[in-house]
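Everything on this sheet refers to the single structure shown next.
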Protein chains: 2
Amino acid sequence: MANEELDYRKMSILKAVIDDYIETREPVGSRTIAKKYSMGLSSATIRNEMADLEELGYLSQPHTSAGRIPSEKGYRLYVDKLMALEDKLGFEPTPEELEDVKVRMQHEIGEMSDQIRVASELVSRLTEYTSIAISGAADGTQRIKALQVVPVEPGKALAVIVLDDDSVKNAVIQHDKAITPETLMKVSTHCNLLFAGHRVEEISMNMINSVSEATGVARTALMPVIDGIFECIKKAADTEVHTEGAVKFLSHPEFSDVGKAKGILELLNREDLMIDLIKECSTSDGLVIRIGSENKIEGLNECSVVTATYSVNGVKLGTIGVLSPTRMDYPRVVAALEYVRKRLTGAGAIDAPEGMALLSGGDNAQQPTEVK
Amino acid sequence: MANEELDYRKMSILKAVIDDYIETREPVGSRTIAKKYSMGLSSATIRNEMADLEELGYLSQPHTSAGRIPSEKGYRLYVDKLMALEDKLGFEPTPEELEDVKVRMQHEIGEMSDQIRVASELVSRLTEYTSIAISGAADGTQRIKALQVVPVEPGKALAVIVLDDDSVKNAVIQHDKAITPETLMKVSTHCNLLFAGHRVEEISMNMINSVSEATGVARTALMPVIDGIFECIKKAADTEVHTEGAVKFLSHPEFSDVGKAKGILELLNREDLMIDLIKECSTSDGLVIRIGSENKIEGLNECSVVTATYSVNGVKLGTIGVLSPTRMDYPRVVAALEYVRKRLTGAGAIDAPEGMALLSGGDNAQQPTEVK
DNA sequence: GTTAGCACTCTATCACGTCGAGTGCTAACA
DNA sequence: TGTTAGCACTCGACGTGATAGAGTGCTAAC
C-alpha cells in the first residue's frame, strides 16, 4: 500500500511539512523540519529530499527563497495515508455542553431536522471552521409520519406534515369559504390515513379521486386543499441548508483581503451552490474529502470540503460539510465529524481511530476518501 | 423652526457637504462645494463658513490638509431638517419584482411572519445596506388564530399554533402512549375553541382544569400535552430575528479592515443584541433614526440605524432596521422604508414626501426622528 | 550517502523625497 | 463690512532605494 514513488523518509518529511504548515500557516523551511521534527538528518539532506518532493509534485514554492507549501497532490496523499488522527479533537466537550446538545437535538422540531442543525453547530465549534448542513434525503425517499390540515380562519387553512426525520413542513391553503372546518377535518383524517408511512415520492396527484369519494366533497372545492397539501409535500422534497460560522472565514489569513472575503461569504449565501457542493458528496455514508480544485465550484478552488452523511435507524438525517481554506486541519475535522457521528448514533467508537499511521507502524488507509 | 445657530447659507453649505460626503465617501473640500454645488460663492468664503461649522461642531477634519466630514451633530441636523427626500429611491422596482414580492408576502407562512421577512429583503435590496427584521409584537399581545395538536406517532404529537400575523409556531409533545389520537383531537378541539382569538398573554396555566373537565381526560395524563401547547405559546412570545445582506457591510470602505469586518459580522450574528437594538426603537410607529453613538451597543458606535415599525389592520407585523456605517444615505433609506410601508399597507403615499426641504422652501421637520 | 559552507535570490520593511489636495491667513477689492 | 485672490504651509499618499533575513541550490569534503 505504500506509495510507489515515495520511500519512508520522503513520506515522513512530507508529513512533517504538511503538519507544520497546517499549524503555522507559514511556508516550511528545511531547517524547521530538521530541528522541530528531530529527523536525525541535517537541513541540507532535507533540502535535497524536499527538492525531490517538489519535482514529484507534492510540494511547491511560493518563491525562490521561501520554504515549501503542500500542493493539492501533497494534501491528497496526506489525507489518504499520512495523517494521524489520534487525540486530534484536543478536548472532550464538557458534560454540560454534551447534555445541552443532546437536549436540543431531541427536543426541537423545525423546518430542517434540528438534529442535523445542532450537530452542524457542534462541528463548527469543535473545528473552528465554517460548517454547512443540508437536510435529510430530500430525494423523495423520506416517509411521512403524519399529516394534518389545520383550519385557521374562514377560507384559510394550514397543511402540516411531519417527516420521519422529525422535520415539519407547512403550507397555506386558500380555499372556498363554503368548506367548513369539519369537512377539512374529514379530508385531513383521510389524507393522513392515506399518506402516513408512505414515501414522499409515492404520493401522486390522482389520489384526489379517493379523497373526494371518501369524504363526499366535490372535487372542485377540494382542489385548493389538495393543492396545499401537495405544495407542502413538495416542500418536503426541497433540500434545506444551514450555514454555521460563516464569519470564521474571516479569521483565515488566506482571506485577509476584504474583496476575497466578500466573495467567499457571498458564495456561502448562495444556497443552491452550497446544496450542490455538499450533495455531490453525500452519496456515500462515510467521509468524503475534496481538496482544492477537486470540488467543482468556481471560487472555491482554494478551499477544501470534508463531508459526512449521517443516518440514524435507516433514516438519513442529512450531510454536514466543513469548509475552509485548503490549509485545513484535516485530522481535526475528521475527528470532529466522527465524534459527531458517535453522538448522533449514540454508539460507534472513535476511541481507537483508524486511518493511517505511517509513523506509528501501519500503513492502512481506512478513511474512506473520495479518490479523485 | 430654523436653527438658531445657523443661518441659511451655513445650512446650505452643511447640506452640500453631507450630500457630497454620502455620495463620494471622501472628505469634502471647499473647492468641491463651490464648483459642484454652484453656491455663487468662492472657495475662500466657503472655507470661512466651513471653519465656523467646524467650530460649532457640525463638521470635523480628519487631518489638517483634508476636507471636512460631518460629525454626528451634523448628521443629526441633516436628518432632522436638511435632507431632501424627493426621488431618492432612484428607481421604482420593476413590476415583476413587485409582483414577486407581493406573491411571496401573501403566500408563505413561516416561523417569522413572512411578510416582514420579505419586506426586509426588499429593503436591503433597495438600499444596498444590511437590514434586520424582528417579528411582530412579541410582547404577548398577538392573538391566536388557530391551535391544533397533530398526532405524529404513539407517544409523540406536535402542537401547532397560527398567530394573527400568520406566523406559525410548533412544539413537540412527548406524551403517555395510552393517550389515543382521538383523545388528542378532543383536547385539540377544546383548546382551539378556548384559545382562538385570545391574546398569547391571556392564556394561563389554570385553563388546564377546564380542558381536563371538558374532555374527561385525567389531569396527570394531560399534563405533557398542555405543557407542549404552552411551550408552543411561549415560542410565540419569542422575538424572531432575520438579518439580510450582512455581507454588504464588507462593501463599505469603513470596514476594509478584516478584523473590523469580522467584529461587525459577529455582532450581527448576536441575535440578542440585534433584538435589543431594533426593539429599542420599535415603540413608535414611525421612523426612528439613531446616529453613531446614539445607539448604545458597543461596537456600533460608527454605525447608524434607521428603523420602521409596520402594522397592518392593527396587527403589528414587526420592525425593520437598516444598519450601515454612519455615512449612510439617509434619504434613500428613509425613502425605501416608506416605500415598503406603502407596499405593506397597500395604501398610503410617499409620492409627495415630507420632511425638509430647506432648499425648496419649507423648513418643516415631519420625519419623526428620535430626538436625542 | 550525508553534511558544512557559501553565494545567491527574493520578500518584507523602513526611511526618504516628492506630489497634490486642502487649509488658514493676509491683503486687496466692491 | 463682506468677499475674494493669492500664497505659504501642512499632511497623507505614493513611489524609490537600501537593508535585513530567511531559505535555497550547489559544491566540496567527510
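Chain letters run A, B, ... following the sequence lines, proteins first and then strands; every chain starts at 1.
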Looking at B:E302, I want to see if its CD is surrounded by more than 12 non-hydrogen atoms of other residues, nucleotides or ligands under 6.0 Å.
no

Using a 4.0 Å heavy-atom cut-off, write out nucleotides 20-30 of chain C from 5' to 3' as B (base contacted by protein), S (sugar-phosphate only) or - (no contact).
-BSBBB-----

Take atom CD1 of A:I46 and atom C1' of C:dA4, then tell me their distance rounded to the nearest Å.
15 Å

Of all pairs that satisfy salt bridge (Lys or Arg N to Asp or Glu O under 4.0 Å), the ones with a partner from residues 50-74 of chain A, not counting sequence neighbours
A:E5-A:K73, A:K10-A:D52, A:E54-A:R68

d(CD1, A:I69; P, D:dG23) in whole Å:
14 Å

Tell me, please, which residues at least two apart from A:E266 pass salt bridge (charged side-chain N to carboxylate O under 4.0 Å, His left out).
A:K262

Residues in ring pair (Phe, Tyr, Trp, His ring centres under 6.0 Å) contact with B:Y21, at least two apart in sequence or another chain:
none

What is the distance, rounded to the nearest whole Å, between atom NE2 of A:H63 and atom P of D:dA22?
13 Å

Once you round it to whole Å, what is the distance between C1' of C:dT2 and NZ of A:K10?
14 Å

Any salt bridge (Lys or Arg N to Asp or Glu O under 4.0 Å) involving residues 31-46 of chain A? Give me the pairs, sequence neighbours left out, ordered by first then second residue.
A:D20-A:K36

Looking at B:R9, does any N or O in its side chain come under 4.0 Å of the phosphate oxygens OP1/OP2 on D:dT3?
yes

Whichever of B:L41 and B:P62 has the more 5' nearest nucleotide on DNA chain D, that residue is B:L41

Using the side chain to side chain donor-acceptor pair (under 3.5 Å) criterion, which residues pair with A:S304? Sequence neighbours excluded.
A:Y330

Taking salt bridge (charged side-chain N to carboxylate O under 4.0 Å, His left out) as the definition, give me every residue that meets it alongside A:R47, ordered by chain and number, with sequence neighbours left out.
none

Check the distance between C:dG1's P and A:D52's CG and give it to me in whole angstrom.
12 Å

Do B:D19 and B:Y78 have side-chain atoms, one donor and one acceptor, less than 3.5 Å apart?
yes

In which ranges does DNA chain D form stems of 3 or more consecutive Watson-Crick or G-U pairs, distances under 3.5 Å?
C:1-30 with D:1-30

What is the distance from CG of A:L53 to C1' of D:dG23, rounded to the nearest Å?
17 Å

Under the salt bridge (charged side-chain N to carboxylate O under 4.0 Å, His left out) test, residues paired with B:R9 that sit two or more places apart
B:E49

